[in-house]
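Let me begin by presenting the structure, written as structure tokens, before commenting on it.
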Amino acid sequence: MNLMFRKLHRDVRKSVKEAIIELGWDLPDNIPIEEPPRPDMGDVATSVAFELASKLKRSPVKINRELMEVIKKPTIFKEIKSVGPYLNFFINYQNYSESVLETVDEDYGKLETIHEKIILEHTSANPNGPLHIGHIRNSILGDSLSRILSNSGCTVETQYYVNDMGRQIAMVVWGLLNLKFDPSKLADQSPKDIDPYQQIDNIIKEHSKLNDLEGTYLNGLKNILYLQIFIDAELRDHQIGELYFQVNQELKNNPDLKGGVDELLRVYERGNDPLLGFFFKEAVNACLEGMDPTLQRLHVHHKRFIWESKFVRNGSVDEIITKLKKDGHTQENEILCLNLEDYGIEKELVLMRSDGTSLYSTRDLAYHLEKSNESDVVIDILGSDHKLAIQQISIVLGFLDGKSPEVIFYEFITLPEGSMSTRRGVFISVDDLLEESTERAMEEIKKRRDDLSNDEAREIAEKIGVGAVRFYIARLSPEKHIVFKWDEALSFERGCASIQYAHARACKILQKAEFDSSTVNLEGILGKYDLKSPERELVKVISQFTWVVEESARSRKVHLVSQYCLDLASAFNKFYKSMPVIGSEEEEFRLALVDKSRITLRNSLELLGIDAPESM
RNA sequence: GGGCCCGUAGCCUAGCCAGGAUAGGGCAUCAGACUCCUAAUCUGAGGGUCCCGGGUUCAAAUCCCGGCGGGUCCGCCA
């Protein structure tokens, strides 16, 4: 672990403190550390003189003059200058560079293990259609954060909360039981002259036991078979989405059908109709089977999928309700609910419908209690529209002796024409986004490389395309509302591609020079060489990486890492442009610097789930 | 109506929690750089009422109060 950058701050504080003591002044509460606005003004600065000014009744400039008389320069610095009210410290880059290069290894950025288990829930999109660009903000923030937290030494378990009990899923199941898929939308690989449902009828005829099924269940079975036989796994979420859209149309035209959906929900919750349970499970599974390849392609991973129905089946929902009732928190008339007015929330929290079924919030309460029991810290990634709901949940978790989750809220991604909606079938799917992104990357590659095979180009285009999408989301602070625009999302200039490009450049130099890190002796590598400013800047940025990992993990801010990646790439590209490496006087040092840049670029991109191609 | 979030050049954005140097970047615009490790790059220029108005402070994009504009929530939805 590289603590060089941290040491700079520590050494500044220490020497300032000692100087203040020597002058017999009171130590201020805080010795602020800043970075000077320009590199030629120094590397680390402190405005401690401001802190002292009011107590000492002297001007900051005067105070600095006195501090400068007695202050001892830490060895890592070359000099200290007093500029107005600031003390500016200049790094001794000969020493510093050697220390930094020595401590950067292939695992650079991985911090010491701390024994803290975090359960991080993210994505958790309803299985009623494919993932769209509104969902990926959740996935990308969650997955990146999980990588950052793991790197910072925590144990992170990522979970996807599968909603298999809500009304929306019941609507999908209703569609499965009462409607048909549209075979005209089958992919081209199926011959047009066959009727899928005809084939399915034949299959059912051949299985005598299936012949007993009738009515909606028979229809449901046909639809399940349709999905499994005729639809590729990766497209099943799209089919479910279209079915869901169709059901919404039906319901709009005939609101009486709502009763049928409610009945499905009641029966499923009671859990005594195995066949209906089968249809719920199959509907949800079909959708998850379609989402899985999408998430894989984005490098988004979940350790566990937790099905919501579990908390009804295993009795924890009942236990919670019993406990809340017993402790006198609840109010009961037709429904069972909690009055949270004492906690500043006007809106009561309903725990049970008048028909006795549970609600999302009831089950979510049980889920959060489980997460609380299984971890030290619970983190949720949620759209900011869930703020009130999670606030209610948190209060009730307090009644139940559970930990409140830490929540990272993000604002919506909308289209220029308005908000997205699975229900209305208005959205851009992640699959389409990735397809477009890799396609555009492919065009760029073809523009500049004619030496690559199609497969090689494809492979690189995939890394660039996925990287562009992930970076587009990860670079922005989550509380910022995004209006999705293709050209902004898939820009290859000064964005992710420029970072990947810096990495590819580094790889190319090392490859060309046949660099072997194992034979390099870093000691005394610099001799008396006075580093040029692009080299100094690059060394400094490399040394900041550990601190960035720490800081982004602590503050749970993914975009700090994105910003860092850009800074690092920029420092490297400037160095690359202005300093010859191969064949130069300082080749040995510069190759080592290129190698450390390569590692840091790769590891920082890794935190964002972005591949670093070795050639572009 | 009430709660929460956002408002920084034509566009996107960091900085705000922990107030300090000329408000950082990027896109777009303009001017320049490939006989030299890939120009997905680099160098330079112009462009700002940090939404508005008060207040606190030696010092406010940052903290406090009041507005304005946009988003979102206030379901026996999830």
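Letters go in sequence order (proteins before strands), and every chain restarts at 1. Because the structure is predicted, anything quoted here is derived from the model rather than measured.
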Note: [X]-[Y] ion pair, threshold 4.0 Å (strictly below):
X	Y	result
D40(A)	R536(A)	no
E456(A)	R449(A)	no
K447(A)	E444(A)	yes

Using atom [atom1] in both nucleotides, what's the gap between [N] and [M] to the nearest angstrom?
N	M	atom1	answer
rC16(B)	rC58(B)	P	24 Å
rG48(B)	rG7(B)	C1'	15 Å
rA18(B)	rU62(B)	C1'	11 Å
rA33(B)	rU38(B)	C1'	16 Å
rU41(B)	rC27(B)	C1'	16 Å
rG19(B)	rC37(B)	C1'	46 Å
rG70(B)	rU8(B)	P	14 Å
rC36(B)	rA31(B)	P	26 Å

### Message
Counting only side-chain nitrogens and oxygens, does R449(A) get under 4.0 Å of the OP1 or OP2 atom of rA40(B)?
### Response
no
Indicate, with a heavy-atom threshold strictly under 4.0 Å, whether [X] touches base, sugar-phosphate, or nothing.
X	value
D29(A)	nothing
A513(A)	nothing
G166(A)	sugar-phosphate
L476(A)	sugar-phosphate
Q391(A)	nothing
A53(A)	nothing

Taking salt bridge (Lys or Arg N to Asp or Glu O under 4.0 Å) as the cut-off, I'd like each qualifying pair that reaches into [range], sequence neighbours left out, listed once.
range	value
residues 555-579 of chain A	E406(A)-R556(A)
residues 342-355 of chain A	R266(A)-D355(A)
residues 579-593 of chain A	E535(A)-R590(A)
residues 121-139 of chain A	E121(A)-K371(A)

#### Entry: Those residues that, when tested against V407(A), pass side-chain contact (heavy atoms from CB on, under 4.5 Å) (two or more places apart)
D380(A), L382(A), I390(A), P405(A), F409(A)
### Task
With sequence neighbours left out, write down each residue that passes salt bridge (charged side-chain N to carboxylate O under 4.0 Å, His left out) with E551(A), or none if nothing qualifies.
R554(A)
### Task
Strictly below 4.0 Å, heavy-atom distances to any atom of RNA chain B: list the hits from residues 31-44 of chain A, or just say none.
P36(A), P37(A), R38(A), M41(A)
Using whole Å, report how far [atom1] of [X] lies from [atom2] of [N].
X	N	atom1	atom2	result
M352(A)	rC77(B)	CE	P	14 Å
I482(A)	rC12(B)	CD1	P	12 Å
H503(A)	rU38(B)	NE2	C1'	15 Å
I335(A)	rC77(B)	CD1	C1'	14 Å
E51(A)	rA59(B)	CD	P	16 Å
Q392(A)	rC76(B)	CD	C1'	14 Å
D262(A)	rC77(B)	CG	C1'	11 Å
I390(A)	rC4(B)	CD1	C1'	15 Å

Both distances under 3.5 Å, Watson-Crick or G-U wobble: report the partner of [N], or none.
N	value
rC63(B)	rG55(B)
rC30(B)	rG44(B)
rC76(B)	none
rA39(B)	none

### Query
If you check the A504(A) side chain, which of rC12(B), rU43(B), rU38(B) turns out closest?
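Output: rU38(B).
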### Query
Which nucleotide in the set rU38(B), rA21(B), rC12(B) lies at the smallest distance from any side-chain heavy atom of V83(A)?
rA21(B)
### Query
Tell me, for nucleotides 23-37 of chain B in 5' to 3' order, what letter each nucleotide earns: B for a base near a protein heavy atom under 4.0 Å, S for only sugar-phosphate near one, - for neither?
---SS---------B
## Note on the structure
Whether each nucleotide of nucleotides 70-75 of chain B has a protein heavy atom under 4.0 Å at its base (B), only at its sugar-phosphate (S) or at neither (-) is summarised, 5' to 3', as --SSSS
Using every non-hydrogen atom in the two residues, find where [X] and [Y] come nearest and quote the distance to one decimal.
X	Y	result
A474(A)	L608(A)	CB-CD2, 4.2 Å
S144(A)	I140(A)	OG-O, 2.7 Å
A49(A)	I63(A)	O-CD1, 3.8 Å

### Query
RNA chain B: S498(A) or M165(A), which has the more 5' nearest nucleotide?
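That would be S498(A).
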### Task
Can you tell me which residue pairs pass the side-chain hydrogen bond (donor to acceptor under 3.5 Å, both in side chains) test with a partner in residues 43-55 of chain A, sequence neighbours excluded?
E34(A)-S47(A), D43(A)-Y93(A), D43(A)-K540(A)
### Query
Ignoring hydrogens and angles, does a donor from either the side chain of N88(A) or the base of rA21(B) sit under 3.5 Å from an acceptor on the other?
yes
### Query
If you measure only the distance, is there a donor-acceptor pair under 3.5 Å linking the side chains of Y268(A) and D164(A)?
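On atom types as modelled, these side chains qualify, holding a pair under 3.5 Å.
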### Query
Can you check side-chain contact (heavy atoms from CB on, under 4.5 Å) on D595(A) and V520(A), steps first, answer last?
CA-CA 11 Å; D595(A) 190 43; V520(A) 172; over 6 Å; no
Expected rows: protein N/O vs nucleotides 15-19 of chain B N/O, under 3.5 Å:
from, atom 1, to, atom 2, distance (Å)
rG15(B), OP1, H559(A), NE2, 3.2
rA18(B), N6, R554(A), NH2, 2.9

### Task
I would like to know whether F484(A) and H132(A) meet side-chain contact (heavy atoms from CB on, under 4.5 Å); could you show each step before the answer?
CA-CA 12 Å; F484(A) 179 85; H132(A) 61 61; over 6 Å; no
What side-chain donor-acceptor pairs closer than 3.5 Å can you find for residues 458-466 of chain A, not counting sequence neighbours?
from, atom 1, to, atom 2, distance (Å)
E462(A), OE1, R297(A), NH2, 3.1
E462(A), OE2, R297(A), NE, 2.8

